[in-house]
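All values below come from the heavy atoms of this structure, side chains included, with hydrogens, waters and symmetry mates left out. Along the sequence shown, residues are numbered consecutively beginning with 1.
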Amino acid sequence: MISASRNLRILLVNKFYRHNGGDCVHFLALEELLRENGCEVAVMAMAHPSNKPLPVGSFEVPAVKIDGSMPEKLRAVARILGNNGIRKSVREAIESFQPDIVHLHNIHSYLSPAVAEEAHKAGIPVVWTLHDYKLICGSYSCLRDGTPCVECLCDSIAILRHRCMKGSLVSSVAAFAESKKWNRGKLQGITDKFICPSEFMCEKMLQGGISSNSLAVLHNFSPVKQRELSGGKRDGVCYVGRLSPEKGLEYLLDAAVSGGWNLTVAGDGPLKAELEDRYGSHANISFVGRLNSDQVAELFSRSQLTVLPSVCFENNPLSVVESLSLGTPVAASRIGGLPELIKDDNGMLFEPWSSESINETVLKMLDTRYDNIAISQNAIREFSSNDYFSKLSSIYRSLLDGSQNLADPENK
């Protein structure tokens, strides 16, 4: 068995190594948390010009382009199916770093589940934190035509019939091929533990046929350290996140126009130009683009409340966790994992797809006196990084004890 006092060696794997959405922010924060707690950490990520410099001793996988030329797309499909050099890269990383655990995050498309397969072949336990619904939905989001869809749970060709990937038959065929190659049974066989950041996601995975023994629920931790709030006047409403259809931003913006309250929209995404063109002329709506982590924290800290108007099955959004950790109450859609985060003392829920419900809720919250300091203290306690590390390391150790007992002749 591995000594309880020995520092664990963790190979963290994610498609990007940069701040590119909540999954990447969590990945970077987890790397820091593991190092702070004495773990030896190496990173594996795909090469990308926007990546941060990889830490010494980490591993970079050659880039592929999903939306490039036809030869580039074919190379990307080969990567997805476990070819195009990914297996060699994983074997070299394992041989060089000798990890105790391989911990996967967002690996689909640009890397491959072949990472898990190669680690499994080498006898190394695999942990996979799920940031989306790819295991049960070929297009990741369980969303079709702006509303939740779980048709893939009972109809494997639904993704082809509806052209769920970007409305493209070619992209949908590639996603279908990926789902057949890396079906749920195979992924379950090469992954020792799937971590679901919400009870809601865990329930969906169970519905999709993933065994309860393979699942663990572990809410994301807050990247915000305990800090003294300014106590100054807060003003206005903010949204922080991706500007894309599943976020329900049109409902939020229509509500702001109707209600007249000040709204700051921070983020980037495929709807940015369209939303700015349609709503940018309203004096009470400001688009400020993508902000860095310090700017996001400052925006949360000076806002009266945060709104998340999603129309998809949100999991455990970092924007909600961070907002609450900075003492800012949250108004959110009653959908997915969001109700697990919102309580009577830290926010309110509204009905998705309803500008009227958003406006009524926001106006009510703006007229409610919240204890910002208590919200912050409760959130930092609930989403404690120390508690997260304790629970995650228990998962690591339990898998290592089991694998070592099976592999080590001295333990027979």
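- Heavy atoms only, all atoms of each residue included: A45 and F16 are closest at CB-C, 4.1 Å.
- Using a distance-only test at 3.5 Å, with no hydrogens or angles considered, no donor-acceptor pair links the side chain of K272 to the main chain of F287.
- Side-chain atoms of E351 and S354 form no donor-acceptor pair, as typed in the model, at a separation below 3.5 Å.
- Here D132 contributes atom CG and S141 contributes atom OG; the two are 9.0 Å apart, rounded to the nearest 0.5 Å.
- Smallest separation of non-hydrogen atoms from D100 and P125: O-CD, 3.3 Å.
- Side-chain atoms of S303 do not come within 3.5 Å of backbone N or O of L305 as any donor-acceptor pair.
- Under a 4.0 Å N-O distance rule, the pair E314/K247 qualifies as a salt bridge.
- Salt-bridge check for K121 with E118: passed, with a basic side-chain N closer than 4.0 Å to an acidic carboxylate O.
- In terms of modelled atom types and a separation under 3.5 Å, the side chain of R290 and the main chain of D268 share no donor-acceptor contact.
- Of the N and O atoms on the side chains of H103 and Y396, at least one donor lies less than 3.5 Å from an acceptor on the other residue.
- Taking the centre and axis of the six-membered ring of F97, the NZ or CZ atom of R9 falls inside the cone set by 45° and 6.0 Å.
- Judged purely by atom type and a 3.5 angstrom limit, N83 has no side-chain atom pairing as donor or acceptor with the backbone of R79.
- One finds no salt bridge joining E40 and R35 here, because no Lys/Arg side-chain nitrogen approaches an Asp/Glu carboxylate oxygen to under 4.0 Å.
- In summary, the side chains of E274 and Y279 do not present any donor paired with an acceptor at a separation below 3.5 Å, with no hydrogens or angles considered.
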Query raised in the report: Should H120 and W128 be marked as a ring pair (Phe, Tyr, Trp, His ring centres under 6.0 Å) after you check the CA-CA gap, both sets of side-chain angles, and the distance that decides it?
Result: CA-CA 12 Å; H120 179 73; W128 191 341; over 10 Å; no

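- Proximity of a side-chain donor or acceptor of S214 to a complementary backbone N or O of I210 within less than 3.5 Å is not detected.
- Between the CG atom of N316 and the OG1 atom of T129 there is a distance of 11.5 Å, given to the nearest 0.5 Å.
- Residues S390 and S384 form no side-chain contact, since every pair of their non-hydrogen atoms from C-beta on lies 4.5 Å or further apart.
- The minimum heavy-atom distance linking P309 with L252 is given by the pair CG-CB, 3.7 Å.
- Using modelled atom types, no side-chain atom of T191 and backbone atom of Q188 make a donor-acceptor pair closer than 3.5 Å.
- A distance of 12.0 Å separates CD1 of I375 from CD1 of I380, quoted to the nearest 0.5 Å.
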Query raised in the report: Does the side-chain contact (heavy atoms from CB on, under 4.5 Å) test come out yes or no for L11 and I101, once each step is laid out?
Result: CA-CA 6 Å; L11 178 62; I101 295 283; over 6 Å; no

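- For the pair W182 (side chain) and A114 (backbone), a donor-acceptor distance under 3.5 Å is absent.
- The heavy-atom pair separating F59 from L54 by the smallest distance is O-CD2, 3.6 Å.
- Counting only N and O atoms by type, the side chains of N14 and N106 include no donor and acceptor under 3.5 Å apart.
- Side-chain contact annotation: H105 with H26, donor-acceptor N/O pair under 3.5 Å absent.
- N315 and S198 are linked by a side-chain donor-acceptor pair at a separation below 3.5 angstrom, with hydrogens and angles left out of the test.
- The line from CD of E276 to CG of L271 is 11.0 Å long, rounded to the nearest 0.5 Å.
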Requested in this report: Evaluate side-chain contact (heavy atoms from CB on, under 4.5 Å) for V127 paired with L104, printing each intermediate quantity in order.
Outcome: CA-CA 6 Å; V127 175; L104 311 180; over 6 Å; no

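- Proximity of a side-chain donor or acceptor of R184 to a complementary backbone N or O of G208 within less than 3.5 Å is detected.
- Taking CE from M201 and CD1 from I136, the interatomic distance works out to 7.5 Å, rounded to the nearest 0.5 Å.
- One side chain, R234 or T328, offers a donor N or O that lies under 3.5 Å from an acceptor on the other.
- Considering SG of C39 and CG of L12, their distance stands at 9.0 Å, rounded to 0.5 Å.
- Between the side chain of E117 and the backbone N or O of I190 there is no donor-acceptor pair closer than 3.5 Å.
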Query - Chi angles and distances behind the side-chain contact (heavy atoms from CB on, under 4.5 Å) call for F194, L135 - result: CA-CA 10 Å; F194 295 103; L135 266 62; 3.5 Å; yes

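- Panel note: side chain E72, backbone S69; a donor-acceptor pair is recorded below 3.5 Å.
- In plain terms, the two heavy atoms of L160 and F176 that are nearest each other are CD2-CB, 3.7 Å.
- There is a side-chain donor-acceptor pair under 3.5 Å between H162 and E151.
- When only modelled atom types and interatomic distance are considered, E382 and H219 share no side-chain donor-acceptor pair under 3.5 Å.
- What you find for I342 and G347 is that their closest heavy atoms are CG2-C, 3.5 Å.
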